[in-house]
Enquirer: 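Take this structure first; my questions come after.
First the proteins, then the strands, lettered A, B, ... as listed; each starts at 1. Note that the structure is a prediction, hence the values are computed from the model and not measured.
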Amino acid sequence: MTFRLIVPDFETLSPTELSVAGAWRYAEDPATEVLCLAWTLDGQLMSPWVPNDMVVGAALRALAEDPETIWVAHNAAFEKAIWRNIMVPRYGFPPIPNSRWRDTMASAAMLGLPLGLDQCAQALRVPNQKDSEGSALVRKLNRQYVKSPWDRPAIPPETVHRITEYCERDVIAQTDLVQAMPPLPPGELNVWLLDQRVNERGVRLDEPFIRACQRIVDGAIAPMAAEFHALTGLNVTQTQALLAWCHEHGAPKLPNLQKLTLRRALGPSAALIDDGEEPEDDEEDAVEVGPLPPDVARALTIRMIAGSSSIKKLPSMLGCIGRDGRARGAVQYHGAATGRWAGRLFQPQNFPRPVGVMEGVHHDPETLVAFLKTAEPDLVQAVLGSPIEVVVSALRHAITADREHVRRVLCAADFAQIEARTVLALAGQHDKTALMASGQSPYLDMGATIFGRPISKKDDPSEYQTSKNTVLGCGFQMGKKTYYDRYGKANGQTMEQCEEAIWAYRRDWAPQVPKLWQGLEDAAFDVAYRRKVSAEFAGCEYRLEDKWMTCRLPSGRKLWYFSPQQCRKAMPWVKDDIRDAWRFLARKNGRVRPVYAYGGLLTENVVQALARDLMAAAMFRCEKNGYPVVLTVHDEIVTEPEEAHADPAELVQIMSELPAWGRALQIPVAAEPWIGTRYQK
DNA sequence: GTACTCTGCGCC
DNA sequence: AAACGGCGCAGAGTAC
């Protein structure tokens, strides 16, 4: 059986902004047009298709119908959306099932490479002359279209010709990429297909509610922004300028304008968000600030509220809602190097938790939403408090279940302390995993170790908090300085006490865990530095493969470290301790940057990756058992089952079932569910 | 204008 | 003797 490989690449024109709308809504827009489709077949550049070209169209139709032709694109979701929404209904092409699509962006994601076509090609040294003139031409046409969508002038034939050339160059680069990267192995291909199903299903957003929130925010922000401008002459977002202004107006020098710095500077009178953590000061110790001049205090208070960046989710959500009320393409397969999904469009993975004025106020989401849909800012202020903070706290309720077509609900569950449990299991710290499996609190146990006496959650709240921080934070080689900065300072602990907590974890509570750090560090070093063929520890096997070092996990999946290199590195704890080490190139904000490997980092990678594999396995089971997945948030799965047979206990059952490798590792999983008509925390 | 970096902030 | 991990996005500021 011989499979054929077609690589298609569209050039399109639309008044819709792709980065805002996402591929689906972009393709749904009746004003979006296909200018041309360039393609290669088994590596050969073919004649491009332009709309209504019957000859090339017939060839494409045959390939679309052929069950043995595989379609490959870079970010296939785009090509798929154009095909489904334009090529099929407008030009009569047959649909192409998901099973016949592949995605080089998915391969790039798995391999730790940049996701952008050009940066990815560059990292792999695939020759790819960028046609910046061609892309500028397409951008220009689109700008003109945005300006006058009702009266788009005809495109001159020579321009179409030039764009087709550009499109051909792109498709050749994409074809080269197909050959430069290994394809997804079968297990990951299935995860990607699952990802495509989830992204095409989309998540329902409550547009009237989002618009109501936007009205409240606009109403509340306008007077604040005006007052702020009258006071300072600035916009609330001008960070450096505001810092300077504060100093000029008699305030002590503030290190930054982070929320917690402001909270501390403003003192307890500022009735604002308090999450119990102290700000980090890069300057030695915190500047003790006395009472601020009233103008400065007022300006900073406004900045704190009006600067809530999460309200930007409102326009982001509105921008990508499709015709049926659902947003598609909100998660990216393998967006993180460890395989976790990353958020896209309105970034559904970082909705604020209810805080501040709403903290401890347990509203039924539907009641709160119904109220906000009709209320003016003044009424919100009178009933619940600061309108902005109320909206921020209710933002996640914009995600809803479909009640119109089939009555559905949202049913979700998250894995309890999944990473803390996985690191203990992988390290073979079986007394502690047994403790967790039996339902006892590891924090009380850790507390007894640190403090040398039994503690209780109720009577020793600060000791309890310390042990919780230790259990959750110390699995990946966190040091005393970081521990102090992050937890100790806020709890009034001295550096010595922090050091004791850390050593209580490493020496007494989970002594197997430092052995895991060391074991993974040594194994990876043997391969990446000493060029040993392979080395294994705790079921994780490192190996050199082409331009990568891979780590085969107990789940069978591999992590890919791109371009591992020998180097020398100063240890962080003392200046003149310089050792042989290795580094690799990692994707950071779409670029590649060197990252220096050490045991704690490798441990974290492996553990986060295994937690993701537990998630993916659970997602497959959800899909199979009538709980369609609409969102994944690292340790949480949100599903949208039919109300008639949605049962949170059943979802817990589904999530708690382990794949064979998870049972072998004895990972003690537990899941905590909720059910309702709206996303909640 | 466009691309890039930095700061700040939300989440797990 | 022992290491702050993983993301996306908005806006400001800077360089070309």
Enquirer: Would you indicate what K681(A) reaches in the nucleic acid, counting non-hydrogen atoms under 4.0 angstrom: base, sugar-phosphate, or nothing?
Expert: sugar-phosphate
Enquirer: Tell me which nucleotide among dG8(B), dT5(B), dC12(B) gets nearest to the side chain of R593(A).
Expert: dT5(B)
Enquirer: Check the pair T470(A) / I502(A) against side-chain contact (heavy atoms from CB on, under 4.5 Å), numbers first and verdict last.
Expert: CA-CA 7 Å; T470(A) 310; I502(A) 282 179; 5.7 Å; no
Enquirer: State which of dT5(B), dA2(C), dC12(B) makes the closest approach to the side chain of E499(A).
Expert: dA2(C)
Enquirer: Output yes when at least one side-chain N/O atom of R506(A) is less than 4.0 Å from OP1 or OP2 of dA3(C), else no.
Expert: yes
Enquirer: Using a 4.0 Å heavy-atom cut-off across all strands, classify E521(A) as base, sugar-phosphate, or nothing.
Expert: base
Enquirer: Any N or O donor-acceptor pair under 3.5 Å from the base of dC12(B) to the side chain of R340(A)?
Expert: yes
Enquirer: Would you say dT5(B) has OP1 or OP2 under 4.0 Å from some side-chain N or O of K588(A)?
Expert: no
Enquirer: Do you see a donor-acceptor pair shorter than 3.5 Å between the side chains of Q465(A) and N469(A)?
Expert: yes
Enquirer: When you get a sec, tell me which of dA3(C), dG6(C), dG10(B) is the closest nucleotide to the side chain of S310(A)?
Expert: dG10(B)
Enquirer: Consider the side chain of A336(A), meaning its heavy atoms from C-beta on, and name the nucleotide among dA2(C), dC12(B), dG6(C) that approaches it most closely.
Expert: dG6(C)
Enquirer: Is a side-chain donor-acceptor pair under 3.5 Å present for Q493(A) with Y483(A)?
Expert: no
Enquirer: According to a strict under-4.0 Å criterion, is W503(A) in side-chain N/O contact with OP1 or OP2 of dA2(C)?
Expert: yes
Enquirer: Counting heavy atoms from C-beta on, name the nucleotide in dA3(C), dG10(B), dG5(C) closest to the side chain of K569(A).
Expert: dA3(C)
Enquirer: Could you run through nucleotides 9-16 of chain C and give me one letter per nucleotide, 5' to 3': B if any protein heavy atom sits under 4.0 Å from the base, S if only the sugar-phosphate is that close, - if neither?
Expert: SSSS----
Enquirer: Taking the axis from the first five pairs and the axis from the last five, what angle separates them in the helix from dG1(B)-dC16(C) to dC12(B)-dG5(C), rounded to 10 degrees?
Expert: 10°
Enquirer: For A581(A) versus Y529(A), what's the shortest heavy-atom pair and its separation?
Expert: O-CD1, 3.1 Å
Enquirer: Taking the minimum atom-to-atom distance to the side chain of R139(A), which one of dA3(C), dG8(C), dA3(B) wins?
Expert: dA3(B)
Enquirer: If you look only at pairs with a residue in residues 334-350 of chain A, which of them pass as a salt bridge (charged side-chain N to carboxylate O under 4.0 Å, His left out), with sequence neighbours excluded?
Expert: R340(A)-E419(A)
Enquirer: The side chain of A342(A) lies closest to which of these nucleotides: dG8(C), dA3(B), dG5(C)?
Expert: dG8(C)
Enquirer: Which nucleotide in the list dA2(C), dG10(B), dG5(C) gets nearest to the side chain of L601(A)?
Expert: dG5(C)
Enquirer: Checking contacts here: which listed nucleotide (dA2(C), dG5(C), dC12(B)) is nearest the side-chain heavy atoms of Q477(A)?
Expert: dA2(C)
Enquirer: In terms of side-chain heavy atoms of E604(A), which of dG5(C), dC11(B), dA2(C) is nearest?
Expert: dG5(C)
